[in-house]
Every structure is written in C-alpha cells, then in structure tokens.
**Q** 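Structure incoming, see below.
Within every chain, numbering begins at 1; the chains are lettered A, B, ... in the order of the sequence lines, protein sequences first and strands thereafter.
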Amino acid sequence: MAEELLAITVLWGFVFIYAVMATMDFGAGFWSMIYFNRPKIKATNVANRYLSPTWEVTNTFIVAIVVAVYSLFPTAAYTLGTVLLIPGSIILLLLAIRSAFLVFSNIAEEYRKPLTYISGLSGILIPGLLISVLPITHGDFVEFSDGRQSLDLAHLFTSPNEYAFIGFSISSTLFLSSLLLADYSKASEEMEAYTVYRRDAIMLGPVSIIMAFLIMFTLKREAFWIYENMIDDLPLLLLSLGLFVIGGLALFLPSINKKGVRGIPRLAVIAITLQYLTASYVYGKAHLPYIVYPEVTIASAFTDPSSFRAIFATYIAGFLILFPGFIYFWSLFMNDKRYLRQKQTKDPA
Amino acid sequence: MSDLLIARSLFGTTMGFHIIFATIGVGLPLMMLTAELLYQKTKDHDYVIMAKRWTKAFAVLLGVGIPTGTIAGTQLSLLWPGFMEVIGKVMALPFQIEIYAFFIEALFMSIYVYAAERIPPWMRISSLVLVAFGAFASAVLITNVHAFEGTPQGFRIVDGEIVDVDPWAAFFNPSFIVTAGHVALSAYTTGAFVVASVAAFKMLRTPFGTRVYNFHKKALMLSLIAGGIFSFLTALNGHESAQYLHEYQPEKLAAAEGLFETQSYAPLAIGGFTDRETQRVKWGIKIPWALSFLAGNSFDTVVVGLNDFPEEEWPPLFVHTLFNAMVGIGSLLIFLSLTAFVWNKFLKKEHFPRFLMWAFVASGPLAVLGIEFGWVFACTGRQPWTIYRVLSTADSVTTAENLGILFILFALVYVVLGVAVVFVMLYYFKKNTVIEDINRAEQKNVPLYGSNT
C-alpha cells in the first residue's frame with residue numbers, strides 16, 4: 001500500500017502544481033485580453049511579461065500529469081482515457097488554439113488584438129473543462145457495464161455539482177491570477193496595473209469562496225461519500241478558510257516598503273496558495289482510495305512494482321537535474337529587476 | 001469507415017501534422033547552435049542574425065509543435081487505452097524521461113529568447129545547447145516507444161496478465177539505438193534542408209552580390225554542408241535499420257520489398273506497385289541478389305517472404321511504395337548536396353545554375369515529405385499490431401464510438417493552425433527584413449533578439 005500512496009501523492013503534487021501554474025497562465029491570458037484597450041495602465045503589458053516566458057513550462061506540466069497517470073496507474077488511465085474521450089478532446093482542441101494564438105499574438109503585432117481575444121477566450125474555458133475531470137471521477141456519471149465504460153454526458157451537464165466545480169474553477173483562475181499579477185505588477189513598479197489587479201482580486205476572492213461552499217453543498221447531495229470524508233478533516237478546512245481571511249487582510253494592510261500604498265500582495269499570494277494547498281489536500285485525501293469511484297482504486301490501478309521503482313528513481317534524478325534550471329529561470333523572470341522594470345515596453349498598437 | 005479505421009486516421013492525422021513541427025523543431029536548434037558558434041568564432045554578424053531569425057521561426061513553430069505534441073501524448077490514452085495500459089506497465093520510462101527533456105527545452109528556450117540580452121555569451125550558448133539537447137532527447141525517447149512496439153522485450157504475458165516486468169530491458173530494446181538514430185539524423189537533415197530551401201528561394205529573389213544575397217548564400221552553404229553530412233549518415237543508419245527489420249520484423253521488410261517467396265539471392269525491387277494477386281511487383285526495376293546482400297551483407301542470405309506468414313498478419317502492401325519514396329528522397333538529398341559540393345569546391349563557380357537553385361528550394365519540402373513517408377511506412381508496416389505479436393491494433397482501440405465528429409474537429413483545427421502558422425511566418429519575416437536585422441546587429445546597444453516589430 002505504501003508505494004501506491006507514494007505514487008498518488010506524486011500525482012497529486014503534479015496536479016496541484018499544474019493547477020496553480022495553469023490558473024496563473026490562463027488567467028494572465030484572460031486579463032491581457034480584458035485590459036487590452038487600456039494600454040495606459042500597463043495591465044496587459046504586465047500580464048504578457050509574465051506569460052511569454054512561462055507558458056511553455058506550464059504546458060509541460062499538463063503533459064507530465066498525463067504521463068504520470070499512465071505510468072503510475074495504467075488501469076486508471078484505461079478508464080479515464082475511455083470516459084474522457086469527448087471532454088478530453090475538447091480540452092485539447094481549445095489548448096491547441098489557445099497556445100498557438102498566444103504565440104502568434106506575440107509575433108504578428110498588427111493582428112495582436114483579434115489574436116489576443118482568441119487565445120484569451122479559449123484559455124478561460126479550459127480550466128472549467130479541466131476541473132470537470134474531478135466530478136467525473138466521483139463516479140456518478142460513469143457507467144460500468146460488463147467491462148465497458150462510458151460517460152453519461154447528459155447527466156454530467158445537468159448536475160449542479162458539475163456547475164459548482166466549473167464556477168469554482170473559473171473564479172479561482174481569475175482570483176489567483178489577479179493576485180499574482182498584483183504582486184508581479186508591484187515588483188515591476190507598475191502601480192496603476194497593481195491598483196487594477198488588487199481591485200480584481202478583492203472582488204473575485206469572495207466569489208471563489210462562495211463557489212467553494214457551493215461545491216461542498218452540492219457534493220453533499222451528489223457524492224456523499226467524499227463529502228463525508230472531507231468533513232472528517234474539518235479542522236483543516238477551517239484552516240484553509242483562515243488562510244483565505246489572512247490573504248484577504250494582506251490586501252488591505254499598509255505596504256511595508258512603499259508609503260501610501262495598500263496591500264502586501266506577496267503575503268496574500270503565499271496565504272492563498274496555502275489555502276488551496278490545504279483544501280486540495282483534504283479533497284485528495286477524501287478521494288482515496290478511489291481514482292474513479294467505485295471501480296478503480298489506487299491499488300487496483302497501480303503499475304507493476306518494478307516499473308514504479310524505475311520511474312520513481314527517474315523522478316528523483318529528474319528533480320535534481322531540473323531544480324537548478326527552475327531556480328535560474330525564476331531568478332531571470334520573476335526576480336530580475338531588469339526584466340520586471342523594463343522601461344522600453346512594447347505597447348500594443 | 002469502422003471506428004478502428006477512424007481512430008487510426010485521427011491519430012495518424014495528429015501525428016502527420018505534429019511531426020512536421022517536431023522534426024523541424026529538432027533540426028532547427030542544431031542549425032541555430034551552429035550559427036551561434038560560428039558567430040562567436042568569426043564575429044561575423046551574419047551568423048548571429050541567422051541564429052536570431054531561425055530562433056523566431058523556431059518559436060512560431062513551437063507554438064504549434066507544443067500543443068500538437070500535447071494532443072498526441074493525450075490522444076494516445078484517449079484513442080488507444082488498451083495500448084497505453086500495457087505501455088504504462090512496461091514502457092513508461094521513456095515518456096517519463098521525455099518530460100524532463102521537455103522541461104529542459106522549455107526552460108532554456110525561454111531563457112535564450114527572453115533573456116538573450118541579459119545573459120553572458122557563454123550562457124547563451126549553454127542555453128542553446130540545452131535547447132538542442134532537450135529537443136534531441138525528446139525525439140529519441142519518443143522514438144524509443146516506437147522501437148519497443150517493433151521489438152518488444154522486458155516482460156512476459158501469462159494468461160493475459162503482464163508479469164516479470166523489467167522496465168530497463170524494455171527501454172533498451174534491440175532496435176532502440178538504430179531507430180532513434182534514424183529519427184534524430186533525419187530530423188537534422190530536414191532542419192538543414194528547410195533552411196536551404198528558404199535561403200535558395202531568397203537568393204533567387206535578391207540581386208546577385210548584394211549584402212542580403214551574400215547573407216543568404218552563407219546560410220545556403222552552411223545548410224547544404226550540414227544537410228549533406230546528415231543525409232549521408234541517415235542513409236548509413238537506414239541500411240542498418242533495414243537489417244534490423246530483416247532480423248526482427250521480417251514480414252515488414254518483405255512487404256517493403258514486395259517479396260512473397262522466401263529465397264536466397266533475393267532481388268531488390270525498386271519502384272512499381274505490389275500486386276497481391278500475381279504476388280509480384282508490377283512496373284518495378286529488379287536488381288538481382290541486391291536484397292539478400294542488403295539484408296545480410298552476403299548474396300546467399302535467405303530473405304523471408306510474405307508467404308511464410310498468415311495473410312491476416314501481412315502489413316498493407318502499399319508500404320512498398322512508401323518505403324521507396326522515403327529512400328528515393330533520401331538519396332536525392334545526398335545527391336543534391338554532393339552536386340553542390342562538387343560545383344562549389346571543384347568547379348569553383350560563383351553561381352549555382354537556376355535549375356540547381358530550384359532543386360535546393362524543393363529540398364526542404366521534399367525532406368519533410370520523406371519524413372512523412374518514413375513514419376507512415378514505419379507505422380502501417382507494423383500492422384496489424386500496435387506491439388509486434390503481443391497486442392493487436394484492434395485490441396488497443398477505445399471502445400467509444402462515433403469518433404467521426406472528433407476526426408472532423410481535429411482535422412479542422414489542424415487546417416486552421418497550419419494556415420495561420422504560414423501566414424504568421426510570412427508576416428513576420430516580411431516586416432522584419434534581413435537588412436533591418438543587419439542594421440540592428442551592427443549598431444551597439446540595440447537589442448537584436450528583443451526586436452520584434
């Protein structure tokens with residue numbers, strides 16, 4: 001059992017990292033579109049400054065998740081592959097359009113506006129569809145009959161729980177990304193952009209928390225088993241809520257290093273990330289031992305033990321090789337004042 | 001169409017589209033690196049401009065290559081869950097390691113492009129080396145899965161269950177090195193000839209002897225040398241690949257050659273079409289004894305014919321044509337670069353004749369076509385199996401039905417992306433002419449890589 005737990009923890013880790021990075025990524029694309037017509041506040045500019053170097057790295061994580069599922073839990077990959085054919089294909093199509101047009105918008109300046117709209121809009125739909133994988137794994141929408149599995153799309157899209165997840169996903173995407181961009185703008189000393197993103201974060205935080213409550217409320221009716229398991233960890237859920245409050249407060253406290261500016265966005269980003277980490281830990285733990293309820297468990301889906309050990313060894317080797325690369329990347333794009341505070345900026349025409 | 005055929009068509013279309021970008025995406029970084037190194041050595045601005053312009057092209061191609069690669073990786077699970085269940089248990093290592101290669105490529109590509117002006121030259125070269133290495137490693141590792149499909153090992157199947165898994169034995173399956181080598185070398189060939197195509201075309205459109213003409217001429221010579229070396233190495237390796245088929249997948253070699261009867265002193269059939277009824281290659285040229293020699297280095301090598309296998313396990317017979325087309329294009333590319341070499345070095349001519357210039361223009365698209373023929377040959381030649389004599393394609397496919405609509409949707413998106421990528425490239429390089437880049441490079445303190453108007 002220990003190896004399966006280790007494997008699902010690695011997978012959960014990938015999913016969490018991707019979830020955070022993807023919300024930043026898709027959110028930044030969306031904000032870049034929203035503030036496109038207001039070049040003066042530099043909000044689009046800041047979003048693009050974050051997005052341009054990071055999207056490829058973010059995209060690699062989604063491939064890492066897919067590969068982790070089929071290398072760690074091949075039997076689950078069979079079930080998920082079969083039932084996710086339609087939603088998975090739609091996600092892939094949107095992702096292809098989104099990534100390609102994001103790159104095109106950076107290259108073809110004159111057509112930047114329509115290209116940004118295409119990538120921004122297709123991007124914001126992706127998190128809503130991606131998160132649908134979670135309610136699908138709760139089992140209610142999957143039909144198992146004599147060895148065949150299929151997804152009941154009609155049932156899925158009439159379920160309030162599914163819509164609560166979609167709402168949560170999109171509001172969280174916008175919330176987290178505006179928060180990060182607020183921090184990024186402040187580090188870049190783009191104070192107008194900071195004001196705008198701080199305002200967006202303050203508006204969207206409560207929306208995301210209401211959506212989270214809606215998820216719990218609908219889970220109770222539609223997938224009671226997981227609701228029950230989550231409530232067993234009530235103290236952690238309350239901690240998560242507490243972190244949300246701290247994150248919110250951090251946006252109103254006076255800034256430490258800047259006079260007359262409200263908010264410590266770095267603290268808010270950390271608190272909110274921890275809030276999501278805690279909540280997703282509780283959710284992930286409640287989901288165990290099932291990958292797809294009630295047929296596929298981490299034990300039944302687990303790969304061959306010798307394959308697992310070989311893969312796990314590559315995880316360690318890969319981490320050791322990549323870690324310095326990530327640090328260098330971070331120092332060049334998140335922490336280098338020459339990059340953040342570039343004066344000669346490319347304003348969209 | 002049956003659902004199996006639609007699934008194959010859909011996945012084939014995805015791969016057929018993706019490999020254009022993937023192949024150039026492996027080949028181009030090596031050209032970029034060569035140009036950067038030449039610049040550091042000669043301090044000739046033309047080479048850094050080449051590196052910059054190829055990098056821009058590479059970045060645009062990645063914009064399609066990355067998402068289509070993501071589609072390919074995920075579609076494997078969506079369309080072929082039976083196949084991926086076996087692969088997940090036995091052959092997950094290459095996918096897993098490929099992720100790290102991917103990360104290296106993505107991280108350092110961003111560093112090379114977006115931090116070019118802030119990092120020292122040695123770091124720029126190192127970033128580019130890592131980009132090229134990441135691209136190379138991804139190609140090699142993904143090809144390894146394909147190699148495993150042809151020469152599986154590292155597990156046993158007892159009563160339908162996979163047992164005795166040895167993931168590293170599967171990883172180092174017999175055809176790994178030779179197959180991966182073929183893909184990497186042919187990708188370098190393609191990258192070089194794609195550059196040659198553009199350079200030759202631009203030379204035809206630019207007055208002789210101008211600054212811009214000379215710029216393109218340098219690019220053409222560089223790419224022809226690289227293309228010549230790599231196409232020759234690809235051919236050597238291709239010969240070895242054929243010998244591996246002879247040893248490990250004889251029916252694939254038999255289908256590639258249209259050989260029905262097992263025989264020593266077997267003839268090599270070039271061209272023509274395999275006819276199932278008369279069991280011979282129609283309209284082809286036969287070179288006596290040559291196939292035996294190619295397969296085993298001696299004329300009395302016994303080459304196994306298709307009739308030794310049950311007909312339902314034969315690959316489709318049209319693979320003979322695909323195989324010929326691949327080999328033909330490869331040979332033509334070697335011939336083309338040799339001609340250029342002789343013309344330039346021995347005849348010491350300033351000009352290439354127009355017909356030769358147009359042949360150079362055609363070389364890039366031809367190289368890409370050769371890649372397509374090669375992959376279609378390699379994958380249809382393995383039918384009816386996804387994993388040779390272990391798992392059939394019919395047992396790999398999804399149980400879901402009505403795939404037709406998905407096929408149409410994906411095909412549509414590929415058309416949109418394909419058209420858009422061409423327009424974006426044309427747009428960008430029309431707006432950013434070589435002469436402007438030359439001016440930027442010769443002025444101090446004007447960013448070259450950051451320039452983008």
**Q** What part of B:L107 is in contact with chain A, defined as an atom under 4.5 angstrom from a non-hydrogen atom: side chain, backbone, both or neither?
**A** both
**Q** Roughly how far apart are B:Y428 OH and A:F104 CZ, rounded to 0.5 Å?
**A**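 One finds 14.5 Å between OH of B:Y428 and CZ of A:F104.
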**Q** Among B:V64, B:T68, B:T74, which residue forms the greatest number of heavy-atom pairs with chain A at distances under 4.5 Å?
**A**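 The option with the most such pairs is B:T74.
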**Q** Answer with side chain, backbone, both or neither: which region of B:M109 has an atom nearer than 4.5 Å to a non-hydrogen atom of chain A?
**A** side chain
**Q** Of the backbone (N, CA, C, O) and the side chain (C-beta and beyond), which part of B:F83 lies under 4.5 Å from a heavy atom of chain A, both, or neither?
**A** neither
**Q** Can you label the angle between the B:F136 ring and the B:F133 ring as parallel, tilted or perpendicular, going by 30° and 60°?
**A** tilted
**Q** So what's closer than 4.5 Å to chain A heavy atoms on B:V413: side chain, backbone, both or neither?
**A**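 Contact with chain A is through the side chain of B:V413 alone.
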**Q** Less than 6.0 Å separating the ring centroids of B:Y100 and B:F103?
**A**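 Not close enough - the centres of the two rings lie 6.0 Å or further apart.
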**Q** Backbone N or O of B:F155 within a donor-acceptor pair of the B:D166 side chain at under 3.5 Å?
**A**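 Not at all, since once roles are kept as given, no pair shorter than 3.5 Å links the two residues.
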**Q** Of the backbone (N, CA, C, O) and the side chain (C-beta and beyond), which part of B:V421 lies under 4.5 Å from a heavy atom of chain A, both, or neither?
**A** both
**Q** Under 4.5 Å heavy-atom distance to chain A, tell me which part of B:L62 shows up: side chain, backbone, both or neither.
**A**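 For B:L62, heavy atoms of backbone and side chain both lie under 4.5 Å from chain A.
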**Q** Can you tell me if B:T386 uses its side chain to pair, donor with acceptor, with the backbone of B:L391 under 3.5 Å?
**A** yes
**Q** Using non-hydrogen atoms only, which part of B:I405 is less than 4.5 Å away from chain A: side chain, backbone, both, or neither?
**A** neither
**Q** Are B:D164 and B:R156 within salt-bridge range, i.e. N to O under 4.0 Å?
**A** yes
**Q** For A:L115, is it the side chain, the backbone, both or neither that has a heavy atom under 4.5 Å from a heavy atom of chain B?
**A** neither
**Q** As an exercise: rank B:P81, B:A420, B:A92, B:G154 by heavy-atom pairs under 4.5 Å with chain A and give me the winner.
**A**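 Heavy-atom pair counts peak at B:P81.
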**Q** Relative to chain A, which segment of B:T399 carries a heavy atom at a distance below 4.5 Å: side chain, backbone, both, or neither?
**A**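 Both backbone and side chain of B:T399 come within 4.5 Å of chain A.
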**Q** According to the interplanar angle, ranging from 0 to 90°, do the rings of B:F410 and B:Y414 count as parallel (below 30°), tilted (30 to 60°) or perpendicular (above 60°)?
**A** tilted
**Q** On the six-membered ring of A:F333, is B:R118 placed so that its NZ or CZ lies under 6.0 angstrom from the centre and within 45° of the ring axis?
**A**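 Output yes; distance and angle both within limits.
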**Q** Checking B:A115 against chain A: side chain, backbone, both or neither under 4.5 Å from a heavy atom?
**A** both
**Q** Would you call B:D3-B:R8 a salt bridge at under 4.0 Å N-O?
**A** no
**Q** Under 4.5 Å from any heavy atom of chain A, what part of B:I111 do you find: side chain, backbone, both or neither?
**A** both
**Q** In terms of heavy-atom proximity below 4.5 Å to chain A, should B:W80 be classed as side chain, backbone, both, or neither?
**A**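 Interface part for B:W80: neither.
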